[in-house]
Structure formats: C-alpha cells, structure tokens
**Q** 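Handing you this structure, nothing more for now.
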Amino acid sequence: MHRRKLAAALAAVTATALIAPPAQAAATQEIQWRQCFGTVPPGFPPGSERLECGSFTAPMDWNNPNNGKTITIAVSRLRPKNGTAKSTVFTNPGGPGGPGRTMPLIYLDRPKLSENAEIIGIDVRGTGASSNVTCGNVNPVGVTDPRDRSRANLDLLYGAVELQAEFCQTKSGELGRYVTTDQTLKDLDLLRQVLGKKKVSWLGYSGGSWMGAYYATYFPKTLDRIVLDSNAEFTGPWQGVFDDWGMGFERRFRVDFLPWVAKYDNVFHLGKTGEEVRQAYERTRAKLAEQPVTRPEGVYYPVTLDLLLRGSIYDKYNFAGAAQTLAELAGAVPAQLTAQASYPDAQAGTAYSIVCNDMPFRGDRRYLERDAARDGAKWPLVGYYQIMAPCAFWDRPNVQLKRPTGIGVATTLMVQSVRDPATPLEGAQKAHRNFNNSVLLTVEDEGDHGIYGFGNECVNDIVERYLVDGVAPTKDLTCPGVPLPVPGETAKNSLTRTRELATQLGW
C-alpha cells in the first residue's frame, strides 16, 4: 500500500484508541495507559500489541495557564519487552503537524533501540487524537493549475488561498492561535514531568528537527541525546524552509527519479533518457489539462499528477508506483487499479497554524505572484506551488520565538541525505553551521527523506551508538546511501513494512 495512504489510515485507526479522561493540567497528573488496539490491525508488525495509549492535559495558553482552559494531548509508549528501559526517547514525525502515536512501531525492527528505551509517540496539540484544529477541509491545492499565470486564474488561485487562511483561523477557534512551536514545546516539557523523567532524548524527522532544535533551546538541561533526521533549516524562518522546496524536489526529480525510470524503459516505456521521460511527463500533464482522466481512485488533473510525483519521490521505494501511474496516464502501459492518498485535515490545520503563527510572513499577494513565476520557471515540478501562501493573509498572534543557537545544548546529531527533496542539504548545512555542538552525518548518493530506521545500516549503527550507547560523534561523518531498487523490488529486513507504518515524514 502507498505509504501516505497507510499513514493516513494509521492516524484514523489510532484516533479511536482509548485515552485517559481529562485531568488537571499539572505535572502531578498521571497518564492512564491502556492498549492502543483492541485487535491489532492486519499488516501491523509483531509487537504492535505492546503499544500503549493515553493522554494528559495542558493549558491551552501557556502564557496564561491559570485561566481554566485546557486541551488534551494524546500520547503512546512502547516499552522493552524484556527488562527495564535505560532511557526515554520522545519522537516526532515532522510535518509540522504529523500525528505521531504510531511512530514507535517503526522501531520494533530496531531492537537495539526498542529493547533499551521507552519510546514515546506524541500527537502534538492540534492534530491526531489530541485537541484538534481544522481548515474546514478548504484546500486550494488543485483548485486550478498554478502554471496558468493569467490574471483570471491568479485571482482564482489567490482568492482560494485567502479563503483557506480565513477558514483555518475561523474554524479552529481560539485554539488555533495557540498552536505554535512555543506552546508545543511547553506541552513536551510537561509530558516529561508527568512521566517523572529528569531527562529525555529526542528523535525527530523533518519538521521534527525544527521542534527538536527549539526544544533543546528552550529546555537545554532536560534533553539528553538529540537526533535530528532530514533537517529543516531550523536556525532561520519557516519561509526559507519552504522556499527551498522547488529546488529540492526538482533536483531529486531530475537526478534520481527520471534517470531511474529511463533505465527501466523496458518496464515503463516512457523514454530511454531522463529528458525523454521528462518530456513524456510534460505531454501527459498537458493532455490532462485539456481532458482530465477519470480512474477508479478519482479524477486526474495536471495538479494531481504533480502532487503524485512530489509525494512519491520522498522515498525510493515509491518510484515504481509513481512511474507506473505516469505510464498508465501517458498510455504507455495498460491501466491497473491503484490507490491514492488522502490527508487528515487536522494535520493540515496544525501545520498552517504552526508555520503562520510562529513567525511573520514577508510579502503580500504581489510578492506571491512574482515568487511563484520565478521559482516555477526554474523548478517547474513544484516551484509554482507555495505551501506558505496562506500566511500572507494570516492574522498572526504575537508570538516571539527564541532562535536556536545550540549554546548549552547536548551534542546534536544531524542526519541528512544529499538529495533530500523536502529538506534540502543546503538548509541542513546552514543549520549545522549556526547550531553549536552539532555534528552532521551526511548520507552520500541518497535522496530519501527520513533515513534512520529505514534500511541504511551505516546510519542505523551511528545513530544507535549515540542514542542508545551514549557515544557521541566528535566530528562530521558520512555514510553511503542505499542504491535505488529495481522495479518490483521490496526493501530488505522488513523495510517496506516500517516505511508503511511511518507517519508521513514531511508535509
């Protein structure tokens, strides 16, 4: 099953898990742990029945914690099957806003970690089974093709974006103003206290690298070991992080995906060179603009194709499915039944609330128009899409974040692939330079987003030597990447299953 679809399904399944009744928003409250699943869903790995779920309450507004308004934060834990946990590891799948309570199941295939640590999964405020925010299911992506730069189309596009910003803030009510990095960090430290831990470790991916860097900045004495995988440029603004998407995805698309499809022209019949495959994509996209194609899983428009390709190049084991769909739409191979993804609205609502509340957005609609035209011309796959566009129309609360510097923070191990599409290497290198006491583990000839725990044994060994054994690297390191698969090849050592179980790594 497509990783994104199963991630959404997992979020829906775990949202029904038992949670504790509301308690006082204080460190003295106790989490009432219960099994997450009455019956473990089919396809979950052995050991899933050990995952326990619960909840605690936190102030809605940490700047006014005694006003009586509280929210629920849903959490999970996976404890060693035998023996006592030597440490507690908080995890975060990124997004921002990805629900994370199923995330500990990924590490059932990493016994060195899961049999030595208590692993905590967290649905941060706004998402999953925690108190939710929403955009009312209003999403301008797909309303119209952003490549069409006519005035009428731009009015439609940015009108929809402005409407989305209004819906996100109106439908989320009062809570929406308090879904921020600053507020979430204080939820995390309350959780540490509720669990009775003097220190915890952190393992975060993508947007979870941002959260981890800020957690370390706000509470440096409470974090023991810190691993940040697939790093956002967390020492700068959110706007810079998403400004790099066009470049990052275009590089992954052209350097890895297109030549891979061409290498297997005997399977996909889209061209014998990367450029021939790209032209096949452009022709198919143009045809969809003239006449959308209806398939069993829905209607395909140009934007649908772009989003399919964007989502699939996060992970090399999704290349074949994306190439197959492109080939079917191009008429190069017969159509098969396939499934597509859907996204929980709470995750989108949380993501927009965090990135638009955290920091001011530079620019207005005229800026957005110029920015998209420039980036789209350079990086047509994703450059026209502007993730943060609603922030230009956002009524931002007065949030003042303390910028991460790494001063006084424990060793921070940053894991980064060189062709990561969503959090490009350049941003990670900048964050590394600006974050004191950080060590960068660069994964060469690799483009997957999310590396530790997903089949790269060199990375797994280095991360676990630090996260479990406490042996911190003293200098920057490199590991080789995992080669691209042949069509139909599944990952070794149950990697496919853990990839499917992973909550979406990246927004």
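In what follows, residues are counted from 1 in the order of the sequence shown.
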**Q** Tell me, with the steps shown, if Thr423 and Gln416 meet side-chain contact (heavy atoms from CB on, under 4.5 Å).
**A** CA-CA 9 Å; Thr423 52; Gln416 185 69 36; 4.1 Å; yes
**Q** Measure from the side-chain N and O atoms of Thr170 to the backbone N and O of Glu166, and report whether any donor-acceptor pair falls under 3.5 Å.
**A**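 A pair under 3.5 Å: yes.
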**Q** Would you indicate whether Tyr301, at its atom OH, is surrounded by more than 12 heavy atoms from other residues, nucleotides or ligands within a distance under 6.0 Å?
**A** no
**Q** Which distance, rounded to the nearest 0.5 Å, do you find between the CG of Leu175 and the OG of Ser353?
**A** 7.5 Å
**Q** Compare every heavy atom of Met388 with every heavy atom of Val355, then report the nearest pair and how far apart it is.
**A** O-CE, 3.8 Å
**Q** If you measure from the Lys or Arg side-chain nitrogens to the Asp or Glu carboxylate oxygens, is any gap between Asp145 and Arg147 under 4.0 Å?
**A**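 So Asp145 does not pair with Arg147 through a salt bridge.
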**Q** Is the shortest heavy-atom distance from the side chain of Ile462 to the side chain of Leu413 under 4.5 Å?
**A**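 Yes, side chains in contact.
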**Q** Answer yes or no: is there a donor N or O on one side and an acceptor on the other, between the side chain of Gln29 and the main chain of Thr57, under 3.5 Å?
**A** yes
**Q** Can you tell me how far apart CD1 (Ile71) and OG (Ser131) are? Round to the nearest 0.5 Å.
**A** 5.0 Å
**Q** Using only atom types and a distance under 3.5 Å, with no angle test, would you say the side chain of Gln193 pairs donor to acceptor with the backbone of Leu195?
**A**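 No; judged by distance alone, with no hydrogens or angles, the pair does not exist.
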**Q** Measure from the side-chain N and O atoms of Thr478 to the backbone N and O of Thr442, and report whether any donor-acceptor pair falls under 3.5 Å.
**A** no
**Q** When you measure from the side chain of Glu233 to the backbone of Gly236, do you find a donor-acceptor pair of N or O atoms at a distance under 3.5 Å?
**A**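 Yes.
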**Q** One pair to check against side-chain contact (heavy atoms from CB on, under 4.5 Å): Tyr452 and Leu113. What are the steps and the verdict?
**A** CA-CA 11 Å; Tyr452 169 66; Leu113 177 62; 3.6 Å; yes
**Q** Do Glu52 and Arg34 pass the salt bridge (charged side-chain N to carboxylate O under 4.0 Å, His left out) test, and can you show the C-alpha distance, the side-chain angles, and the key distance before you say yes or no?
**A** CA-CA 5 Å; Glu52 297 177 293; Arg34 304 173 184 175; over 6 Å; no
**Q** Hey, does the side chain of Asn460 reach the backbone of Gly453 with a donor-acceptor pair shorter than 3.5 angstrom?
**A** yes
**Q** Look only at the side chain of Asn357 and the backbone of Val179, and say whether a donor-acceptor pair between them is shorter than 3.5 Å.
**A** yes
**Q** Assign the ring pair Phe234 / Phe435 to parallel, tilted or perpendicular, where the plane angle (0 to 90°) is split at 30° and 60°.
**A** perpendicular
**Q** If only atom types and distance count, is the side chain of Asp358 paired as donor or acceptor with the main-chain N or O of Thr181 below 3.5 Å?
**A**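 Present.
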**Q** Given the rule in the side-chain contact (heavy atoms from CB on, under 4.5 Å) test, do Phe361 and Leu368 qualify, once you have shown the distances and angles that lead to the verdict?
**A** CA-CA 11 Å; Phe361 184 85; Leu368 291 173; 3.8 Å; yes
**Q** Using the rule given for side-chain contact (heavy atoms from CB on, under 4.5 Å), can you reason through Ile31 versus Val75, listing the C-alpha separation, both sets of side-chain angles and the distance that settles it, and then say yes or no?
**A** CA-CA 9 Å; Ile31 297 175; Val75 294; 4.0 Å; yes
**Q** Does some side-chain heavy atom of Leu223 sit less than 4.5 Å from a side-chain heavy atom of Val409?
**A** no
**Q** Any idea which heavy atoms bring Ala213 and Thr217 closest together, and the distance?
**A**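 Shortest heavy-atom contact: O-OG1, 2.8 Å.
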**Q** Side chains of Glu369 and Tyr158: any donor to acceptor distance under 3.5 Å?
**A**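 Checked: Tyr158/Glu369 side chains show no N/O donor-acceptor pair below 3.5 Å.
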**Q** What distance do Asp61 atom CG and Asp182 atom CG have between them, rounded to the nearest 0.5 Å?
**A** 9.0 Å
**Q** Search all heavy atoms of Asp123 against all heavy atoms of Ala129 and return the closest pair with its distance.
**A** OD2-N, 2.8 Å
**Q** Measure from the side-chain N and O atoms of Arg225 to the backbone N and O of Leu467, and report whether any donor-acceptor pair falls under 3.5 Å.
**A**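 Yes; judged by distance alone, with no hydrogens or angles, the pair exists.
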**Q** If the test is ring pair (Phe, Tyr, Trp, His ring centres under 6.0 Å), which one of Tyr205, Tyr314, Trp245 qualifies with His449?
**A** Tyr314
**Q** Distance-only, no hydrogens or angles: does the Asn231 side chain make a donor-acceptor pair with backbone N or O of Val415 under 3.5 Å?
**A**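 Yes, because the side chain of Asn231 sits within donor-acceptor range (under 3.5 Å) of the backbone of Val415.
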**Q** Which residue is it: Asp229, Asn456, Val227, Ile451? I am looking for the one with a side chain to side chain contact (heavy atoms under 4.5 Å, CB included) to Val463.
**A** Val227
**Q** Pairing donors with acceptors under 3.5 angstrom, does anything connect the side chains of Glu118 and Thr88?
**A**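 The answer is yes; a qualifying pair exists.
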**Q** Could you measure the distance from the CZ atom of Arg433 to the CG atom of Leu440? Nearest 0.5 Å is fine.
**A**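 Here the interatomic distance stands at 10.0 Å.
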**Q** Assess whether a salt bridge exists between Asp371 and Arg362, defined as any Lys/Arg side-chain N lying under 4.0 Å from an Asp/Glu carboxylate O.
**A** no
**Q** May I ask you to test the Lys430-Asn434 pair for a side-chain heavy-atom distance under 4.5 Å?
**A** yes
**Q** Using a 4.5 Å cut-off on heavy atoms from C-beta on, say whether the side chain of Arg419 contacts that of Asp256.
**A**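 The answer is yes; the side chains approach within 4.5 Å.
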**Q** Side-chain contact test, heavy atoms from C-beta onward, threshold under 4.5 Å: evaluate it for Tyr107 versus Leu78 and give yes or no.
**A** no
**Q** Determine, stepwise, if the pair Glu250 / Lys378 fulfils salt bridge (charged side-chain N to carboxylate O under 4.0 Å, His left out).
**A** CA-CA 9 Å; Glu250 195 74 25; Lys378 291 189 291 186; over 6 Å; no
**Q** Is there side-chain contact between Cys391 and Arg396, with at least one heavy-atom pair below 4.5 Å?
**A** no
**Q** Establish, from distance only, whether the side-chain atoms of Asp187 and Thr184 form a donor-acceptor pair under 3.5 Å.
**A**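 Thr184 and Asp187 do not have a side-chain donor-acceptor pair below 3.5 Å.
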**Q** So, do Ile122 and Leu191 sit near enough that their side-chain heavy atoms are less than 4.5 Å apart?
**A**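 Ile122 vs Leu191: side chains touch.
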**Q** Which residues pass the ring-ring contact (aromatic ring centres under 6.0 Å, His included) test with Tyr215, not counting sequence neighbours?
**A** Trp202, Phe219
**Q** Is Lys316 salt-bridged to Glu446, going by a charged N under 4.0 Å from an acidic O?
**A**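 Result for this pair is yes, salt bridge flagged.
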**Q** Report the C-alpha separation of Cys168 and Cys356 in whole Å, then their side-chain angles, then the decisive distance to 0.1 Å, and conclude whether the disulfide bond (SG atoms under 2.5 Å apart) test is met.
**A** CA-CA 11 Å; Cys168 287; Cys356 297; over 6 Å; no
**Q** State, to 0.1 Å, how close Pro96 and Ala351 come at their nearest heavy-atom pair, and which atoms those are.
**A**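 It is O-CB, 3.0 Å.
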**Q** To the closest 0.5 Å, what do you measure between CG (Asn63) and CD (Gln400)?
**A** 11.0 Å
**Q** Assess whether atom NZ of Lys198 is packed by more than 12 heavy atoms of other residues, nucleotides or ligands within 6.0 Å.
**A** no
**Q** Measuring only between side-chain heavy atoms, which start at C-beta, is Thr412 closer than 4.5 Å to Met414?
**A** yes
**Q** Residues two or more places apart in sequence or in another chain: which of them pass side chain to side chain contact (heavy atoms under 4.5 Å, CB included) with Asn153?
**A**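 Testing Asn153 for side chain to side chain contact (heavy atoms under 4.5 Å, CB included), a comparison that skips the adjacent residues, returns Thr144, Asp148, Ser150, Leu156.
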**Q** Determine, stepwise, if the pair Arg192 / Asp189 fulfils salt bridge (charged side-chain N to carboxylate O under 4.0 Å, His left out).
**A** CA-CA 5 Å; Arg192 176 192 62 80; Asp189 199 59; 2.8 Å; yes
**Q** Should Glu174 and Lys69 be marked as a salt bridge (charged side-chain N to carboxylate O under 4.0 Å, His left out) after you check the CA-CA gap, both sets of side-chain angles, and the distance that decides it?
**A** CA-CA 10 Å; Glu174 185 180 9; Lys69 297 178 179 180; 2.9 Å; yes
**Q** On the six-membered ring of Tyr214, is Lys402 placed so that its NZ or CZ lies under 6.0 angstrom from the centre and within 45° of the ring axis?
**A**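 Because its charged atom misses either the 6.0 Å distance or the 45° angle limit, Lys402 does not stack over Tyr214.
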**Q** Just by distance, with hydrogens left out, do Ser417 and Asp448 show a side-chain donor and acceptor under 3.5 Å apart?
**A**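 Ser417 vs Asp448: no donor-acceptor pair found between side chains.
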**Q** Any ring pair (Phe, Tyr, Trp, His ring centres under 6.0 Å) pairs touching residues 371-406, not counting sequence neighbours?
**A** none
